[in-house]
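In what follows, a structure is listed as structure tokens, so that the remarks can point back to it.
Atoms considered below: every heavy atom in the structure, side chains included; atoms not considered: hydrogens, waters and symmetry mates. The first residue of the sequence shown is numbered 1, and numbering continues consecutively from there.
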Amino acid sequence: LVSRLEAAAAGSGRGTAARAARRAATQELPAARADAERARAALPSVMETAGRRAKKRRRAKLVDAATAAAAVLDALEAADPPDRDTRDDRAAARRQAVQLAAARTTAAEAEDATLTAEQRRRREAEARILVLEARVEALRDDNSEAGRMLFFAAQAELNAARRDALSNDQRRRADALARAEAARRRRDVAEAGDDEEEKTAARADLAAAEEEAVPRTTRGRRKREDAADARLAVAKARHAAAVEGGDDAALAAASATLAIATAEAVPRQTRVYRERRATAAAADALVRELEARGLGEEDSELLGARAAAAAARGRTQAVCRRRRVERLLAEGMRAKEKYDSLVARGVRGAAAERAFGAMCQTLRKTAKGARRLASLVDAATTHASPRQLESEYRTLLDACKAELRRVFGQTTLPVYVGLAGDAWWEDEVQRVALRSSWRWRLFLEEDEDLEPTDRRPVPLRGTRLASTAHKSIAGRLERALHLWAARHWPDRVLHFAIAAGGSFADVAAHAVYMAVPDAPADVVVHVRSPVVAPEEADEDEEPTRPLTDFSDDVPPPLEATATPDDVDEALVRRPVVGPARPWVVKTTGCRVDYIWAGSLALYADGVTSSTYDFCETPAEAQALARARIAEKIRGPYERVVSLDGAAAGPASAPVPYPFPPAPTTPAPAPAPAPAPVP
């Protein structure tokens, strides 16, 4: 178009029509040139978008081919081999073996084709790491000059392979962190000197390096948030000026601008959640309106509105979270079935440990899964069936509800429900009463004008509601009673949050207790608890599943150490193949466990808090572990004969620990006194 207009503007005709055509072409030429410039500017982005779409289509085809090849391989591997009794059977077996080998090759090539350059580089680097780690370990004890040179060369190759095993974003982040650390050292050196210019430059360099170390997504989010906050501040200032000016038109415009700026200042994901909830509410309102108009159940408009409402509800945050919990719980139960199958086949050792760790890791991703894991461990530890555990839980739950209902009906004071060891629950009540964090929510009326730190603690008196030897039952009871009390008496609970059924020290029996202020009701001030119970009662609070659905089968016992030799073997054993990994000493409550750092992500045992210490050699791990065991085995936890006599005190023997006590090291003999000088 531009070329045609330029040719028309430069025409040589002398007639009236020719002059008019030249004038028209001259007038249209600037706009045409501007359109052409905009088209040229947009052309690279259009081509880039088309290239990305084509790349996605090619990758989708490769993924489909890899999926089909994997399906063919699974079908061939699942096929039963011929009997090889006749010549035809042996020929068929050979053909099947050839097909299986070809299918494996095709599946491997198809899977390799789906990898990006980064993924292929990381896979090759991970394969090199295993070989290089073995070479480094083999050369570590070679103290000759040639051996040290080979060791340092292998160490350099190992570091390079570990860097290649990182993703591009991880490599950029590692480089940025290294630059930030160098800038921090420069700042420290400059702060120790007297050169103010160097101090200023070092501080600026450190600030820039720390900003660069932040991920790009975080930097972009911060910039957007800062811009939105700036617009919100300007909108608030304009709105305040309009309010003072008294101009209705300016006030309306400022109010609209303020509303827009306030909405933009909200985080993006929050806006998405709100929009989805609003869409779901509008769809439900439309369904109710159509039902109120008397449309029949088979009406297409009503059916379409219901389908749209269901789809809108399915996109809300609550439904997505519920689906995620159900998916993770199903994955955990599949991992449990895999572990059970290994145990049933008599598999022990590293394979069983990995399966058990995978089961624990998957179940602990959700609170419901963690409670299920605690129940499974309890059943395996105490040789009880799931039906026995569920029956005991429901019996204790009914008894606790009856006692709490009676207490809530007799007093107007707030009530607290807690969990402790059966042997010291009364001491736990006194410790709860002395918590400094409670003084702003529970205090005497005459101390109302004092600061919370200056108020006197309100004494509590407690009653044991239930006692059980199963940790999972005690945790479920505490959580269910928290939910039940917060639902029926929201103004009378002392809980800070709904209990999650957390575990604590290993004891012989666990107690669920309740406590009320030991003072007249007219002198105790209670600030309402922030606890909010869910709208619907869950299975722990109101069990509805029949007991016949639970199994009577007792799960196999968990493997545990029995002798000191088992501990030593667990500390010093090495992997069957591959290099050694660093050791981890894990301290949890009153337990000390030992694992490899390589399997740390797969290890879990249903606890709520942990502390890890990494050691380079098994000898260091052994020394640290035995020192930790010596610290932990200190009492006063003692085993009782039965739950009926649990409150009476100790009875038979100390509670067994997962590992034996640390051996006592004899004190060194004192040095002989120097002989007197004659």
Side-chain angles (χ1 to χ4, degrees), residues 325-397 419 468-480 499-510 512 538-540 543 545-561 586 588-589 591 593 595 599 601-610 656 658:
V325 170
E326 293 174 355
R327 176 178 58 81
L328 292 175
L329 188 59
E331 291 179 1
M333 296 311 296
R334 287 194 296 269
K336 173 189 174 296
E337 293 174 359
K338 181 178 180 180
Y339 170 70
D340 291 342
S341 65
L342 291 176
V343 174
R345 296 201 308 266
V347 177
R348 296 293 186 270
E353 290 177 3
R354 286 194 297 269
F356 181 75
M359 177 189 72
C360 295
Q361 182 194 27
T362 309
L363 286 175
R364 289 191 65 197
K365 290 181 180 179
T366 61
K368 187 175 182 180
R371 294 193 297 272
R372 182 73 60 85
L373 175 62
S375 179
L376 295 174
V377 173
D378 257 352
T381 304
T382 60
H383 307 290
S385 67
R387 184 180 298 184
Q388 290 174 341
L389 293 179
E390 186 66 21
S391 177
E392 180 180 351
Y393 167 74
R394 296 188 183 188
T395 302
L396 294 177
L397 179 63
L419 185 63
T468 176
H470 303 288
K471 185 187 298 185
S472 62
I473 292 180
R476 289 179 65 191
L477 279 175
E478 183 190 20
R479 177 177 176 274
S503 59
F504 47 91
D506 292 331
V507 295
H510 310 271
V512 179
D538 65 358
E539 184 65 24
D540 283 345
R545 184 180 174 186
L547 284 175
T548 53
D549 289 353
F550 294 88
S551 173
D552 281 329
D553 299 333
V554 177
L558 298 176
E559 296 185 21
T561 57
K586 178 180 178 183
T588 306
R591 296 183 55 176
D593 297 332
I595 52 179
S599 61
L602 297 178
Y603 184 86
D605 59 357
V607 296
T608 56
S609 61
S610 303

With sequence neighbours excluded, tell me which residues meet side-chain contact (heavy atoms from CB on, under 4.5 Å) with E326.
-> R322
Could you please spell out the steps behind the side-chain contact (heavy atoms from CB on, under 4.5 Å) verdict for E390 and R476?
-> CA-CA 11 Å; E390 186 66 21; R476 289 179 65 191; 3.1 Å; yes
Treating [X] as the side-chain partner and [Y] as the backbone partner, does any N or O pair qualify as donor plus acceptor under 3.5 Å?
X    : Y    : value
E331 : T362 : no
R387 : D552 : no
S391 : Q388 : no

If I take atom [atom1] from residue [X] and atom [atom2] from residue [Y], how far apart are they, to the nearest 0.5 angstrom?
X    : Y    : atom1 : atom2 : answer
L363 : L329 : CG    : CG    : 7.0 Å
R394 : L389 : CZ    : CG    : 12.0 Å
I473 : T468 : CD1   : OG1   : 4.5 Å
K365 : L373 : NZ    : CG    : 13.5 Å
R372 : M359 : CZ    : CE    : 12.0 Å
K336 : L376 : NZ    : CG    : 5.5 Å

Show the numbers, then the answer: is there a salt bridge (Lys or Arg N to Asp or Glu O under 4.0 Å) between D540 and R371?
-> CA-CA 10 Å; D540 283 345; R371 294 193 297 272; 3.3 Å; yes
Non-neighbouring partners of E337 that pass side chain to side chain donor-acceptor pair (under 3.5 Å), sequence neighbours left out =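 Expected list: none.
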State which residues pass side chain to side chain donor-acceptor pair (under 3.5 Å) with D378; sequence neighbours excluded, sorted by chain then number.
-> S472
Work out which heavy atom in S385 is nearest to a heavy atom in S551; give both atom names and the distance.
-> CB-O, 3.7 Å
Please assess H470 against Y393 for the test side-chain contact (heavy atoms from CB on, under 4.5 Å), listing each intermediate value before the final yes or no.
-> CA-CA 9 Å; H470 303 288; Y393 167 74; over 6 Å; no
